[in-house]
Amino acid sequence: MHWLRHTSLKWVERRFGISVAYAGHAESGSDSSTTTYIKADITEVAAALSALTGEPHPLALDTVT
């Protein structure tokens, strides 16, 4: 499962950027300067989820790509 999680995150990061891949994640107990400055809105995350699953998402602005 760990491998699957990281493979999926890397795919999203390459296609949609680091801000979408790590949206909502914070590293507790360490320097989280990277996650402090990156932001993604819900439509960007929904578009990535739609592309990853191949299914439309109601919050995505684009259709499945």
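Worth knowing before you read on, the calculation uses all heavy atoms, side chains too, and leaves out hydrogens, waters and symmetry mates. Index from 1, following the sequence.
Note that NE2 of His2 and OG1 of Thr7 are 9.5 Å apart. Values are rounded to the nearest 0.5 Å. Note: Leu61 CG to Thr43 OG1 = 4.5 Å, rounded to the nearest 0.5 Å.
The two residues Ala40 and Ser19 have their closest heavy-atom pair at CB-O, 3.4 Å. The two residues Ala51 and Phe16 make their nearest non-hydrogen contact at CB-CZ, 3.7 Å. Looking at every heavy atom in both residues, Lys39 comes nearest to Glu44 through O-OE1, 4.4 Å. Heavy-atom minimum distance, Leu49 versus His57: CD2-CD2, 3.8 Å.
With hydrophobic clusters built from ILVMFWY side chains whose heavy atoms lie under 4.5 angstrom apart, Val20 shares a cluster with Leu52.
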